[in-house]
Amino acid sequence: MDWGTLQAVLGGVNKHSTSIGKIWLTVLFIFRIMILVVAAERVWGDEQQDFVCNTLQPGCKNVCYDHFFPISHIRLWALQLIFVSTPALLVAMHVAYRRHEKKRRFRNGEKIDIEELKNEKIHIRGPLWWTYTSSIFFRIVFEAVFMYVFYYMYDGYQMPRLVKCSAWPCPNTVDCFVSRPTEKTTFTIFMLAVSGICMMLNLAELCYLVLKICMKGSRKTT
Amino acid sequence: MDWGSLHSFLGGVNKHSTSIGKIWLTVLFIFRIMILVVAAEIVWGDEQYDFVCNTLQPGCKNVCYDHFFPISHIRLWALQLIFVSTPALLVAMHVAYRRHEKKRQFSKGDQKCEFKDMEEIRKQRFRIEGSLWWTYTSSIFFRLIFEAVFMYAFYFMYDGFRMPRLMKCNAWPCPNTVDCFVSRPTEKTVFTIFMIAVSSICILLNVAELCYLLTKFFLRRSKKAGNSKQQPNHENKEETKQNEMNELISDSCQNTVIGFSS
């Protein structure tokens, strides 16, 4: 089970998404997951090995690293990407349930073409509209929560070159130097920018869906 | 999600590209992405580990490495390749949209739709005309911009394309000035020059494709203008003759009616 499997799972949802949803999915896979896998993981690969403290005290480096990096950026991004992708599974489950109902009717003798059933594109109406809209809402919430967690945990989005550590067993205050701080800051800002773009796409999609339902409602009344 | 997935993403676009576009895509995958993955990543693999500074001062090596290599070559190339590949997705989206429209026409039973079944719609190869021409041309334009920007970023960040053997560093906490030695400088210089050369070839291919599309566009326009100039005069003459005849007929009819009534 890896990012490729997630891609396969979400690829199926793509068929029932709006155009904005499809763009969001593309941005997610190419500018976030792919960047994480091919670039960011290498940058953070040696983060503990090359975290150097100016002391000979055994254990000091471990404790300081743990104090300043409770959860590594890479792991936080991986969690964020998984949480942000999973609401789409609600939609996939709803669509599967609808298809299952149609197949049941077919088995009970109603005349439905089974091939058409498999390839049918289900329109975003009725209860599916509610499922889809809730999934977008949850996506936005998860994105915002993770962006805030990043900001809170690392006091902003910049990776410092030097951190001063006075946790036991370090003697007094010890200077510790982070590995590749500039490259890490660059990638943090990049991932933050793409998260921002994804949030805006989600908001746009939400507005589009709400407008669509309001227009349909006003058309029915007139 | 890795370079293989990008390959499958862009493979679909290949069908709707020009011949130059197909060559560009091949050069991108074989001479850039593949070289990056099988060779360059290994050359740069030990870049920080084997970056050695002539000091015992803890932290000096980290700081000097960060000062001289703000973003590693490998990461810059990975970003460059991703940014340069993505405009092709605009074309893929446009083609998907057109297919969707045709499928909708087909399912509504529109008699104008020239396809016999869904399979034909799926396999259809769209010609680069009309709005698709604009999308395709913009994608090539963006590709060129991204390539140029990244090549400039490389040149600016590393003061040229050569990897020096020795760097003199005096950032804190290094005491005074410290000599730091880069790992595998010659091999890195060779690969940097190779990647720059292939980027330039890709830029030339994109420029050639842009010129080809523009030439095709202007030729098509001049052909249309030429055709429309010949026909309308001929058609207009025919129309005016018919109008005159109709007037004569209607006049004679009126005269007959008036003649009868009076």
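Protein chains get the first letters and strands the later ones, always in sequence-line order, with residue 1 at the start of each.
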Self-check item: Contacting region of A:C176 [heavy-atom separation from chain B under 4.5 Å]
Solution: neither

Self-check item: For chain B, the option from A:T182, A:T5, A:T186, A:L162 that forms the most heavy-atom pairs under 4.5 Å
Solution: A:T182

Quiz item: Which bit of B:S72 is near chain A, if near means a heavy-atom gap under 4.5 Å: side chain, backbone, both or neither?
Solution: both

Quiz item: With a 4.5 angstrom heavy-atom cut-off, which part of A:R161 approaches chain B: side chain, backbone, both or neither?
Solution: side chain

Self-check item: Structural part of B:Y97 lying under 4.5 Å from a heavy atom of chain A
Solution: neither

Exercise. Using a strict 4.0 Å threshold on nitrogen-to-oxygen distance, state whether A:R180 and A:D50 make a salt bridge.
Key: no

Quiz item: What residue, out of B:A96, B:P70, B:P173, B:A78, has the most heavy-atom pairs lying under 4.5 Å from chain A?
Solution: B:P70

Quiz prompt | Distance under 6.0 Å and angle within 45° of ring axis: B:R75 vs B:W44 | solution = no

Exercise. Select one option (side chain, backbone, both, neither) describing which atoms of A:D46 are under 4.5 Å from chain B's heavy atoms.
Key: side chain

Exercise. Flag the one option from B:V63, B:I74, B:D2, B:V37 with the top tally of heavy-atom pairs under 4.5 Å to chain A.
Key: B:V63

Quiz item: Can you tell me how far CD of A:E143 sits from CG of A:L203, rounded to the nearest 0.5 angstrom?
Solution: 10.5 Å

Quiz item: Which bit of A:T26 is near chain B, if near means a heavy-atom gap under 4.5 Å: side chain, backbone, both or neither?
Solution: side chain

Self-check item: Exam field: side chain A:K184 to backbone A:S179, donor-acceptor pair closer than 3.5 Å
Solution: yes

Self-check item: Proximity breakdown for B:I71 and chain A, heavy-atom pairs closer than 4.5 Å
Solution: both

Exercise. Tell me, with the steps shown, if B:V52 and B:V182 meet side-chain contact (heavy atoms from CB on, under 4.5 Å).
Key: CA-CA 7 Å; B:V52 169; B:V182 179; over 6 Å; no

Self-check item: Verdict with supporting geometry, B:C64 and B:C53, disulfide bond (SG atoms under 2.5 Å apart)
Solution: CA-CA 8 Å; B:C64 291; B:C53 291; 4.6 Å; no

Quiz item: Does the cation-pi check pass for A:R139 over A:W24, that is, NZ or CZ under 6.0 Å from the six-membered ring centre and within 45° of its axis?
Solution: yes

Quiz item: Is it true that B:E187 and B:R165 have a side-chain N and a carboxylate O under 4.0 angstrom from each other?
Solution: no

Quiz item: Considering only heavy atoms, which portion of B:L89 lies under 4.5 Å from any heavy atom of chain A: side chain, backbone, both, or neither?
Solution: side chain

Practice problem: Tell me, for A:I23 versus chain B, whether the close heavy atoms (under 4.5 Å) come from the side chain, the backbone, both or neither. | Solution: side chain

